[in-house]
Amino acid sequence: MSQRTTTQDAPGYPAEYAERYRAAGYWRGETFGRMLRDRAAAHPDRIAIVDPGSAPGGADRRAWTYGELDARADRLAAGFLASGIAKGDRVVLQLPNIAEFFEVVFALFRIGALPVFALPAHRESEIRHFCAFTEAVAYVIPDVEAGFDHRELASKVRAGVGTLRHVFVVGDPGEHTALRDVARDPVEITDGPRPDDLAFLQLSGGSTGVPKLIPRTHDDYIYSLWGSNELCAVDEHSVYLCALPAAHNFPLSSPGTLGALYAGARVVLAPRPSPDVAFPLIEREGVTLTGLVPPLALVWTEAAAATPYDLSSLDVLLVGGAKFSEEAARRVTPALGCRLQQVFGMAEGLVNYTRLDDPYETVVTTQGRPISPDDEIRVVDDEDNDLPVGGTGHLLTRGPYTIRGYWRAPEHNATAFTADGFYRTGDIVRQTETGHLVVEGRAKDQINRGGEKVAAEEIENHILAHPAVHDVAVVSMPDDYLGERTCAYIVLREGAEPLKPLAVKKFVRERGLAAYKVPDRVEFVAEFPQTGIGKVSKKDLRAAIAARLVTAQH
Ligand code: AMP
Ligand code: DBH
């Protein structure tokens, strides 16, 4: 098979590595389109996707078999092709946890068009960037979701992005095209994607002004799926509850909905992750595993004590996306009666799991070890010198499902990767004798709000656009529930009218940002503390806000 070489869009895997990963059996030469076809041929009548709907009593529950999902993907792929969507085109996808998510994704996979996985929370600023930067030809949305009309947003974005020819709407299309009208009689696709072609663009939580796009291939991502399935005991009898937003890398692939489909298992879509929605689904659908971020895991363990629902089918709860405290981790099994698996992953690649047969102490005190024997891990000091085992330092990684560079970001890639292709994760870790990683902190300029990543620079750029603002620094502040929240420190312009914190929050919201990026707290100061060489000392700002929060509690 020929090798997908480095393109102008993104660096690929060097040939010697690609050969090695194939020879080791990690890259199986599969594509997502082929994968679904094979499963549908092997067990057409098995249920693939359960969408519980929103009507009381489950009146609009939908259950699609593998055969049905396969046929739907074929018909929609034919419709997309007829609309002029071609191999390599980008399509921004912003759907909630509904069955159509999978119909669209597999239709695009079949053509070789690349879904760009926006989150339901994203708003005009992010969506415009994704559409413009990727030169997307289509944008797929729900009509109204969580009270927000995505069609209006789509109209605005479409007016400003020349490449965007189509807006497909699940539900009432308004001035756009109804997704249900797109499907056509299936056509044979002869030039679909190859296993080493890109499958989609995933989003990075990032640490820069705009979110970076992560190019993943069929080969590499599919390895992360079956590798995860083996470690999480996912097989055809599993029932995976997708409680987090389906587009996020964690519920998509660790082992997630796509891992479950790879295994021929059943995916159940939760419209919301709260216990009042998820617990009845666990009982009714016989859910065996799911994944949650730490704040939700806490809510579940508290709610389980008083729930009337039978959660006994739940076998494994994966928790990741942000650091899960040891104290909280110890509560999971007693409260929910299931096993805990910690997962420390990133959309750029590397995923670590505690193993189901690890000693309990390891499960509650570490964030796991890599999926693959060929995941290379380095823990280094500030000068990239390797530290002895047990030392705390920067995590660098390279391996069979970790990207070698972001999409169309050569300048950023020059610093985000080492010359020999290791990804600088920005995480500060320690590795135990057993190879398990413990996340000790973060070097990247990012706030991890209970699994939702906020790049400080992105928010700073928006706040700087306010005419009264001279300078701004966004930092994390400790929070019992989310782990961290965001605090924006602002220096006002000389002579500017005083601003209220609420006005700053409103300003950011009105610039069209996802709600989780609006600063939780705003502080005004005369000047910023500085480091030795005169840079803003975010370390001192973090310490200052943490101290104020402690004082406020007493
Ligand atoms: P992203 O690159 O946006 O996919 O976000 C991945 C980042 O989330 C990692 O680099 C970590 O900073 C963080 N993360 C994910 N899982 C965990 C975890 N279990 N513990 C601590 N941090 C985590
Ligand atoms: O936070 C993440 O991005 C993440 C967490 C757990 C992830 O991408 C994953 C597992 O695959």
Side-chain angles (χ1 to χ4, degrees), residues 117-119 126 201-208 210-214 216 220-221 223-225 227-229 231-232 242-259 290-297 317-326 328-329 332 340-354 363-372 375 377 394-397 401-403 406 412 416 423-430 436-455 458 476 482-484 514 516-517:
F117 286 119
L119 295 170
E126 291 98 350
L201 299 175
Q202 187 50 278
L203 308 184
S204 164
S207 56
T208 58
V210 288
K212 293 279 173 293
L213 294 162
I214 298 169
R216 302 289 300 258
D220 91 73
Y221 209 69
Y223 172 39
S224 82
L225 300 181
S228 295
N229 284 347
L231 302 178
C232 306
C242 179
L244 298 170
H248 190 277
N249 198 61
F250 174 16
L252 195 64
S253 67
S254 298
T257 55
L258 293 182
T290 187
L292 295 176
V293 289
L296 279 172
L317 176 64
L318 291 133
V319 180
K323 176 81 180 253
F324 199 31
S325 74
E326 180 185 333
V332 168
L340 167 67
Q341 234 179 333
Q342 292 208 45
V343 48
F344 162 38
M346 49 206 79
E348 288 82 355
L350 181 69
V351 182
N352 305 276
Y353 293 99
T354 57
V363 172
V364 294
T365 60
T366 80
Q367 280 65 60
R369 58 189 173 83
I371 293 176
S372 178
D375 279 322
I377 298 292
H394 303 273
L395 170 64
L396 313 184
T397 187
Y401 58 96
T402 296
I403 57 162
Y406 292 99
H412 183 68
Y423 167 54
R424 297 183 189 275
T425 65
D427 293 311
I428 305 288
V429 303
R430 169 169 64 82
H436 290 74
L437 297 173
V438 178
V439 179
E440 299 282 14
R442 188 168 56 236
K444 54 192 165 191
D445 198 5
Q446 182 185 79
I447 295 94
N448 190 333
R449 216 172 158 280
E452 289 183 311
K453 320 300 190 300
V454 180
E458 184 181 0
S476 66
L482 289 181
E484 298 174 6
Y516 67 86
K517 296 183 184 172

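Read the numbers this way: they start at 1 and go in the same order the structure lists the ligands and their atoms. All figures in this text were calculated on a predicted structure; none of them were measured in a lab.
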Check: Considering only heavy atoms of A347, which atoms of ligand 2 have at least one such atom less than 4.0 Å away?
Finding: 3 (O), 8 (O)
Checklist line | Point-to-point distance, once rounded to the nearest 0.5 Å, from CG of N352 to CD of Q341 | finding: 11.5 Å
Checklist line | Close-contact set for ligand 2 against G321 heavy atoms, below 4.0 Å | finding: 1 (O), 5 (C)
Item checked: Side chains of Y223 and S372, donor plus acceptor under 3.5 Å -> yes
Notebook entry, point to check: Side chain of T208, backbone of V210: donor and acceptor closer than 3.5 Å?
Noted result: yes
Check: Would you say Q446 and ligand 1 have an N/O pair spaced under 3.5 Å apart?
Finding: no
Notebook entry, point to check: Looking only at heavy atoms, which two atoms of T366 and H436 are closest? And how far apart?
Noted result: OG1-CD2, 3.5 Å
Item checked: Reported CG-to-CG distance for the pair N249 and L244, which is rounded to 0.5 angstrom -> 11.5 Å
Item checked: Distance-minimising heavy-atom pair for A247 and A118 -> CB-O, 3.4 Å
Notebook entry, point to check: So which bit of K444 gets within less than 4.0 Å of ligand 1, heavy atoms only: side chain, backbone, both or neither?
Noted result: side chain
Item checked: Residue and atom name of the nearest protein heavy atom (relative to atom 4 (O) of ligand 1), distance in Å to one decimal -> A347 N, 2.8 Å
Next item on the list: Check whether any side-chain heavy atom of H248 lies under 4.5 Å from a side-chain heavy atom of L119, and answer yes or no.
Entry: yes
Notebook entry, point to check: Hey, which atoms in ligand 1 end up nearer than 4.0 Å to a heavy atom of V439?
Noted result: 20 (N), 21 (C)
Note to self: Which of the numbered atoms in ligand 1 are under 4.0 angstrom from any heavy atom belonging to K453?
What the structure shows: 3 (O), 5 (O), 6 (C), 7 (C), 8 (O), 13 (C)
Notebook entry, point to check: Counting heavy atoms only, which of G320, G345, A443 comes nearest to atom 15 (C) of ligand 1?
Noted result: G345
Notebook entry, point to check: If you measure from atom 13 (C) of ligand 1 to every heavy atom of G321, G426, A322, which option wins on shortest distance?
Noted result: G321
Note to self: Tell me the protein heavy atom at minimum distance from atom 8 (O) of ligand 2, and give that distance in Å.
What the structure shows: N249 ND2, 3.0 Å
Item checked: Numbering as shown, the atoms of ligand 2 that approach V343 to under 4.0 Å (heavy-atom distance) -> 6 (C), 10 (C)
Next item on the list: Kindly indicate, with the supporting measurements, whether the criterion side chain to side chain contact (heavy atoms under 4.5 Å, CB included) is fulfilled by E458 and E126.
Entry: CA-CA 10 Å; E458 184 181 0; E126 291 98 350; 4.3 Å; yes
Next item on the list: Write out the residue and atom name of the closest protein heavy atom to atom 1 (O) of ligand 2, then the distance separating them to 0.1 Å.
Entry: K453 NZ, 2.8 Å
Item checked: Heavy-atom pair of closest approach, residues S254 and L318 -> O-CD1, 3.7 Å
Checklist line | Ligand-side contact atoms (ligand 1) for residue partner V343, heavy atom cut-off under 4.0 Å | finding: 16 (N), 18 (C), 19 (N)
Check: L395 pairs by side-chain contact (heavy atoms from CB on, under 4.5 Å) with which of I428, V439, V429?
Finding: V429
Item checked: Min heavy-atom dist Q202 to ligand 1 below 4.0 Å -> no
Next item on the list: Name the closest protein heavy atom to atom 21 (C) of ligand 1, giving the residue it belongs to and the distance to 0.1 Å.
Entry: K323 N, 3.2 Å
Notebook entry, point to check: Which atoms of ligand 1 are found less than 4.0 Å from any heavy atom of N448?
Noted result: 13 (C)
Item checked: Heavy atom of the protein closest to atom 9 (C) of ligand 2 (residue, atom name, distance) -> S254 OG, 3.5 Å
Notebook entry, point to check: Name the one of I403, T397, I371 that satisfies side-chain contact (heavy atoms from CB on, under 4.5 Å) with L350?
Noted result: T397
Item checked: Member of H412, K212, E348 meeting the side chain to side chain donor-acceptor pair (under 3.5 Å) criterion with Y406 -> E348
Check: Quick one: nearest non-hydrogen protein atom to atom 10 (O) of ligand 1, plus distance?
Finding: D427 OD2, 2.5 Å
Notebook entry, point to check: What is the distance from atom CZ of F117 to atom CG of L213, rounded to the nearest 0.5 Å?
Noted result: 12.0 Å
Check: Considering only heavy atoms of V351, which atoms of ligand 2 have at least one such atom less than 4.0 Å away?
Finding: 11 (O)
Margin query: Can you name the atoms of ligand 1, numbered from 1 with element, that are less than 4.0 Å from a heavy atom of E348?
Written below: 1 (P), 2 (O), 4 (O)
Notebook entry, point to check: For atom 2 (C) of ligand 2, what is the nearest protein heavy atom, given as residue, atom name and distance?
Noted result: G345 O, 3.4 Å
Notebook entry, point to check: Considering only heavy atoms of G205, which atoms of ligand 1 have at least one such atom less than 4.0 Å away?
Noted result: 1 (P), 3 (O)
